[in-house]
Protein chains: 2
Amino acid sequence: MEISCKANEVLELLSGKWKHIILYHIMEHGTLRFSELQRLIPGITKKMLTTHLREFEANQIIKRKVYPSVPPKVEYSLSEYGRELIPIMEKLDDWGRKHAGVQEENKKRNQAR
Amino acid sequence: MEISCKANEVLELLSGKWKHIILYHIMEHGTLRFSELQRLIPGITKKMLTTHLREFEANQIIKRKVYPSVPPKVEYSLSEYGRELIPIMEKLDDWGRKHAGVQEENKKRNQAR
DNA sequence: CAGAATCCACGGTGATACTG
DNA sequence: CAGTATCACCGTGGATTCTG
């Protein structure tokens, strides 16, 4: 087994209610505006979207590009560094799709109590 | 890009302050007693260890074996299902070790403010 | 040894209103 | 359009005490 204990580095980056969904959409579309993200992620508030985007930016996962126009236009895209997260997300996603059924059953059983 | 949005399935399983460390140690050692886990994870309280272990058990990630002796002896190990998480953890860990430096820098800069 | 039971603090998140 | 500012809630986690 080659596991050390650095897994939390990624986990921390992705911990936050909407973080993985945000990354997912940016990975899919390449570049997205603030309002597009908001539309693509039903239920998220501007505040949380802003917060998470700022965190990604601070971690250099995404780039933020502002167009000095009226009305404002801001585009978000993966940084080169952030692109290295893609294989990670794919791996996580593979597992999720493969085991979605099992976890669903668990949830139901937990609700039943 | 083959990413859907099921990544959160894994993320949810691993979200919890000590979860990945617990899994890490069980993966490394194969089987561990409650007290051994507690010793291997400095800072964790019995409560959190119990809580997280119970969650893993409910999700069928680990198995719990109780030896009816005095004093009690309980052993935790990966279930077959849980073993499928190993490649995931390895992937997360790979990334963590590769990018630990970058994230460290970010943390320092954030502290500096 | 391996927990269970309380009580409590804190931070992440949500709702809402306002702004350049 | 793309945010900021405030307030309020609630669940996660910590400290402590008790038990079979």
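A, B, ... follow the sequence lines: proteins, then strands. Residue 1 opens every chain.
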Decide yes or no on side-chain contact (heavy atoms from CB on, under 4.5 Å) for A/Leu40 and A/Ile21, but give the supporting numbers first. CA-CA 9 Å; A/Leu40 288 169; A/Ile21 315 181; over 6 Å; no
Working note: B/Arg64 + B/Leu53, criterion side-chain contact (heavy atoms from CB on, under 4.5 Å); need CA distance, chi angles, decisive distance, verdict. CA-CA 9 Å; B/Arg64 178 170 180 267; B/Leu53 286 171; over 6 Å; no
Check whether any side-chain N or O of A/Arg54 sits under 4.0 Å from OP1 or OP2 of D/dT4, and answer yes or no. yes
Select from B/Arg64 and A/Thr51 the residue whose nearest nucleotide in DNA chain C is closer to the 5' end of that strand. B/Arg64
At how many degrees, to 10°, do the end axes of the helix from C/dC1-D/dG20 to C/dG20-D/dC1 meet when each uses five pairs? 50°
Quiz question: by atom type and distance under 3.5 Å, do the side chains of B/His99 and A/Glu9 form a donor-acceptor pair? no
Strictly below 4.0 Å, N to O, side chains only: are A/Glu55 and A/Lys19 in salt-bridge contact? yes
Within residues 67-79 of chain B, the residues having a heavy atom closer than 4.0 Å to DNA chain C are B/Pro71, B/Pro72, B/Lys73, B/Val74, B/Tyr76
Answer yes or no: does a side-chain N or O of A/Arg33 lie under 4.0 Å from OP1 or OP2 of D/dA2? yes
Look at A/His52 and C/dT13 and indicate whether a side-chain polar atom (N or O) is within less than 4.0 Å of OP1 or OP2. yes
At under 4.0 Å, does any side-chain N or O of B/Ser35 touch on OP1 or OP2 of C/dA2? yes
Under 3.5 Å, N/O pairs linking protein and nucleotides 15-19 of chain C:
none

